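Just so it is clear, the model here is predicted, and its values are computed rather than measured. FYI, side chains are in, hydrogens and waters are out, and symmetry mates aren't considered; it's all heavy atoms of this structure.
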Amino acid sequence: MVWPFTRKAAPEQKDFARGVFDMLWPSAQTVTGEVITPERAMRQPTVFACTRIIAETVAQLPLHVYLRGADGSVVRDRTSPLHRIFAKRPNDWTTAFDFKLHMQAEVLMHGYACALIMRDGQGAPRYLRQIPARALTVTEDPRTGEPTYRVTLNEGGSRTYAHRNILHIKALRSLSVISQCREAIAMALAQEKELNTSLSKGQRPSGVLSFEHQMTDEAVTRAAAQFKSLGQDKGTAILDGNAKYFPMAITNVDAQFLEQRRHQIAEIARAFRVPLHMLQELERITHQNSEQLGRQFLQFTMLPHLIAWQQEINLKLMPDDGSTYVEFLTDDLARADLAARMEAFAKAVANGILNPNEVRQMENRAPYVGGDTFLRPMNMEGASDGPR
């Protein structure tokens, strides 16, 4: 007999239960008393900014499918189903940008991200569907180390998948950045809470009125009313009793508090490996070192994430012979700098690395007749020709 009132649990109920579970989970506790879960940590501006910067950078970079010929030549394969998956949409309800964005965000928040690989009758991948990180349990064979993935279903129960059917993007040892630096995040949240409490209760006056003689209650009331009207009407306060006003200047304690807040921003950015100038911390940034920091961001921050994506896709979705592979095109990171981009294109065309039509294709412009010719500098000759 089937119970007539059975229905699926509402997403709001699952989220509430998940929040209670996080509050009771011991690993989320910190010394400050703040409970740091991935969702709670994302409310901290620096954590949110770092996660957004890395995830959006991965999402905006094109991921192309390449064919390697027998002669070593490489061309883009726009007929492959994988081109549709990674360039347009991994499934009918998700764009390629959203898929990469949320997968990379899961890696930063939980240490890993997974997607189910749906294949056709011949075993070729047809589409990808992201699996929530919390719904996944990974177990390894004690003898071979081969992983098996168990996915908890919304309607109850679970389903087990072999490793070849799960796209698994991992951080270092599947450790979440948020969980590893939760104490620094908790400190930043505690500082924000302290500042908000101080501002909301008005614990610090803007200034002090000093009188040479003792004031009567009537005089104090009149002086307070005059200063209140001063703030509302932008007028001039008239006080008797030789009153003097002393504004409250910033103290050493305030300066130390602000310095500690800057330190927490740098501490969290260090864990994500995001340069401070990308978080609008421009105190020590100059025009000369900003370009170098931009290159370091690509080399030391983004490349490890991009290589993790490429190698996992090549492992699970590509043939073993290496004839087909995927690779991110990082040229778009320099697209905003028009002068640098045009200078690079000019050098590539002048040295025969690219032809004009290839450059126009990269800039989404139509080719022209004669633009497929590769150029070569007139003052160059083969090294084996010898001096003349």
Side-chain angles (χ1 to χ4, degrees), residues 55-104 107 113-130 162-169 298 302-335 341 344-345 348-349 351-369 371-374:
E56 288 183 348
T57 302
V58 172
Q60 71 177 330
L61 292 178
L63 183 59
H64 294 297
V65 182
Y66 293 93
L67 285 175
R68 182 181 287 111
D71 58 350
S73 62
V74 175
V75 295
R76 293 182 189 174
D77 184 8
R78 292 181 171 84
T79 63
S80 170
L82 292 177
H83 173 75
R84 187 262 307 165
I85 289 176
F86 294 115
K88 297 180 180 179
R89 59 184 185 276
N91 50 61
D92 292 339
W93 55 91
T94 309
T95 65
F97 181 92
D98 286 340
F99 177 75
K100 291 183 288 184
L101 177 73
H102 292 103
M103 285 282 287
Q104 185 59 48
V107 173
C114 294
L116 178 63
I117 305 172
M118 300 301 295
R119 304 178 186 271
D120 58 16
Q122 287 72 37
R126 300 301 300 171
Y127 69 86
L128 304 176
R129 179 171 64 86
Q130 184 176 359
H163 73 92
R164 66 182 297 269
N165 293 322
I166 297 292
L167 188 70
H168 190 187
I169 312 296
L298 172 61
M302 295 311 306
L303 280 184
H305 294 292
L306 301 181
I307 292 175
W309 275 81
Q310 293 171 183
Q311 294 193 356
E312 179 67 11
I313 294 172
N314 290 330
L315 176 65
K316 301 290 180 64
L317 303 178
M318 297 299 175
D320 295 334
D321 57 7
S323 59
T324 307
Y325 65 95
V326 297
E327 187 172 281
F328 280 96
L329 185 64
T330 60
D331 295 352
D332 278 8
L333 291 180
R335 182 171 292 275
R341 192 168 77 251
F345 285 153
V349 171
N351 290 279
I353 301 174
L354 298 173
N355 63 46
N357 278 345
E358 289 176 331
V359 172
R360 294 180 64 84
Q361 182 182 14
M362 296 169 67
E363 290 294 300
N364 296 319
R365 297 177 183 273
Y368 64 86
V369 178
D372 294 326
T373 303
F374 286 90

_Residues which pass side-chain contact (heavy atoms from CB on, under 4.5 Å) with H64, listed by chain and number, not counting sequence neighbours_ = P62, Y66, R76, L329
*Considering non-hydrogen atoms only, spot the tightest contact between F97 and Q60 and give its length.*
CE1-N, 3.9 Å
*Heavy atoms, side chains only, cut-off 4.5 Å: are V58 and L101 in contact?*
no
*If every non-hydrogen atom of A55 is compared with every non-hydrogen atom of Q104, which pair is closest and at what distance?*
CA-CG, 3.8 Å
*What closest approach, in Å, do T373 and P356 show between heavy atoms, and which atom pair accounts for it?*
O-CD, 3.5 Å
*For residues L354 and E358, report the shortest heavy-atom separation together with the two atoms involved.*
CA-OE1, 3.3 Å
*asked:* To the nearest 0.5 Å, what is the distance between CG on N351 and CZ on F374?
replied: 12.5 Å
*Can you spot which of N165, L167, L317 makes a side-chain contact (heavy atoms from CB on, under 4.5 Å) with P125?*
L317
_Has E312 got a side-chain atom pairing as donor or acceptor with H168's backbone, closer than 3.5 angstrom?_
yes
*Nearest 0.5 Å, what's the CD-CG distance between E327 and N314?*
9.0 Å
_Heavy-atom pair of closest approach, residues V326 and I313_ = CG2-CG2, 3.6 Å
_Any side-chain heavy-atom pair of F86 and L128 under 4.5 Å_ = yes
_Closest approach of D77 to H83 (non-hydrogen atoms, all atoms of both residues)_ = O-CB, 3.6 Å
*For R126, all residues meeting side-chain contact (heavy atoms from CB on, under 4.5 Å), sequence neighbours excluded*: P81, D120
_For the OH atom of Y127 and the CH2 atom of W93, what is their distance to the nearest 0.5 Å?_
5.0 Å
*Only counting residues at least two apart or in another chain, list the ones meeting side-chain contact (heavy atoms from CB on, under 4.5 Å) with D320.*
none
_Between Q130 and H102, do the side chains contain a donor N or O and an acceptor N or O under 3.5 Å apart?_
no
_As an exercise, state the distance from OG1 of T57 to NZ of K100, rounded to the nearest 0.5 Å._
11.5 Å
*At what distance, to the nearest 0.5 angstrom, does CG of N91 lie from CZ of R84?*
8.5 Å
_I need the R89 CZ to D98 CG distance, nearest 0.5 Å._
13.5 Å
*Would you check if M302 and F328 make a side-chain contact, meaning some heavy-atom pair closer than 4.5 Å?*
no
